[in-house]
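Below: the structure, in structure tokens.
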2 protein chains.
Amino acid sequence: MTEKRKAHQASAGSKRAILEAVLSRAVEAGYEGTTMADVARVSGLPIGSVYWHFKNKEQLFVELLDYCYEVWQESTAPVRDMRELLHNTISRSAAASADLADPAAAFWSIGLVFAFERRLEDNLARQRYLEIRRKMFESVTSLLRTTYDGVPDDVAAELAHDMAVMGRALTDGFRVAAAAGDDTDFDRYASLTADALESLVASRLKEYAHV
Amino acid sequence: MTEKRKAHQASAGSKRAILEAVLSRAVEAGYEGTTMADVARVSGLPIGSVYWHFKNKEQLFVELLDYCYEVWQESTAPVRDMRELLHNTISRSAAASADLADPAAAFWSIGLVFAFERRLEDNLARQRYLEIRRKMFESVTSLLRTTYDGVPDDVAAELAHDMAVMGRALTDGFRVAAAAGDDTDFDRYASLTADALESLVASRLKEYAHV
DNA sequence: GTCTATAGGGGGATAGAC
DNA sequence: GTCTATCCCCCTATAGAC
């Protein structure tokens, strides 16, 4: 193994160590609460190394979001319907509070902080979160659309959009509940939520069938 | 009017000016993003006066939350059912983004920042928000409970609790949507939300009637 | 009660040796 | 690539004149 390769490997290892350090700090302290000194301490590397691997704090968080999103995609089995989707996301909201070391769960927990910190408007990490948020919404919408068989395209599209909007609101809402420490049985409400949305879909489909 | 009275009046006026200054800053920048220097500048008073009226930043935000909550209570007409309640809270989520000067609407917008900033765990303002959040939840629960006539008490209680949990999640979720800048027709989804929850209630009531 | 000046501490970022 | 020392700015909070 050449010297260059060795250096490269060490670099990759350090980079990952830094990302995991910033993850563990970010889920507890958010963006502003996480200091570069913290990250250096937790990762075991000096602060100079952190700045060698990442241009600045902003870029560090951009790459953190990318890293988490990647892990999330890999670790998330494809779902078949809305019920399964809601169960995954809402139960995972609880997990995001309990198991903060899970990058997949932590992603959304960190992201919501960015949604609310309006003063971070120009912050690239915030923009990255919003971008991923949009991507997720689109993919959920098209997934749901495939679940309405034998329905005119425009109706299915509208229905899928509505369910995606409401599903997103519910998911975010239960994340708020988790963050606020509300005493909530997330499994139970994942089911109830699915019941509510499914009955809404049913009545909408019936309505269109009558036209 | 005595000198003492005059001084007292001036004090009350300044205090209110400071509270409105911190309100306008807080909805834009959150807790950490709002600096005491900002507050002084916007209120037109020197920073020394701010510290004369309020012990510290923490206490300033505690009183801001109390102030907003008070205005919110006064300005909110009593609602009669879940549909009306959802419409008020969800439509107002949109307003919280549009009309930031409205203390009633701003309250929830500011509060959610506290929910997510876990590192503010010991912060009295965060605790005050969570306290008010609980109070609201209780009052919503007991309001809903009165809307289920001719139902056994325990069933009505469970139903009211479930609807309050889901209503809160939806409301918070749409506040997230507003903060994230999602393109959402809040009026429309307030209706759909009410449809979904009402049909859930209907099926639960039917279920219990059969037993 | 109002105002100014400043102490005191912390955080982001860089320089430069190794 | 790693590490240390340090600069510089901003923020909370206080001291003390008026």
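In what follows, chains are A, B, ... by sequence order, proteins preceding strands, each numbered from 1.
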Passes salt bridge (charged side-chain N to carboxylate O under 4.0 Å, His left out), A/E20 versus A/R16? Steps please.
CA-CA 6 Å; A/E20 287 185 358; A/R16 195 196 175 85; 3.3 Å; yes

Please report how far the helix from C/dG1-D/dC18 to C/dC18-D/dG1 bends, comparing the axis fitted to its first five pairs with the axis fitted to its last five, to the nearest 10 degrees.
10°

Please identify each residue that fulfils ring-ring contact (aromatic ring centres under 6.0 Å, His included) with B/F107, with sequence neighbours left out.
B/Y69

Rounded off to whole Å, could you give me the CZ-to-C1' distance for the B/F61 and D/dA13 pair?
16 Å

Tell me every residue that passes salt bridge (charged side-chain N to carboxylate O under 4.0 Å, His left out) with A/D185, counting only those two or more places apart in sequence or in another chain.
none

Which ones in residues 33-51 of chain A lie close to DNA chain C, meaning a heavy atom under 4.0 Å from one of its atoms?
A/T34, A/T35, A/M36, A/Y51

Sequence-distant partners of A/F116, ring-ring contact (aromatic ring centres under 6.0 Å, His included), two or more places apart
B/F116

Test side-chain hydrogen bond (donor to acceptor under 3.5 Å, both in side chains) applied to B/Y148 - qualifying residues, sequence neighbours left out
none

How close or far is atom P of C/dG11 from atom CD of A/E32, stated in whole angstroms?
12 Å

Whole-Å distance between C/dG11 C1' and A/Y31 OH?
12 Å

In whole Å, I'd like the distance from the NZ atom of A/K55 to the P atom of C/dG12.
16 Å

In whole angstrom, what separates B/R119's CZ from C/dG10's C1'?
13 Å

Among residues two or more places apart or on two chains, list those pairs meeting ring pair (Phe, Tyr, Trp, His ring centres under 6.0 Å) that have a residue in residues 160-186 of chain A.
A/F137-A/H161

Rounded interatomic separation in angstrom, taking CG from A/L60 and P from C/dA13:
10 Å

A/Y31: ring-ring contact (aromatic ring centres under 6.0 Å, His included) partners, not counting sequence neighbours:
A/F61, A/F114

Nucleotide D/dA13, atom C1' - distance to CD of B/E58 in whole Å:
13 Å

Tell me: CD of A/Q59 to P of C/dA13, nearest whole Å?
11 Å

Between B/S14 and C/dG1, does any side-chain N or O lie under 4.0 Å from OP1 or OP2?
no

Determine the sole option in A/L86, A/V140, A/T89, A/L143 for which the side-chain contact (heavy atoms from CB on, under 4.5 Å) test with A/V79 is passed.
A/L143

Once salt bridge (charged side-chain N to carboxylate O under 4.0 Å, His left out) is applied, do any residues pair with B/R145, and if so which ones, sequence neighbours excluded?
none

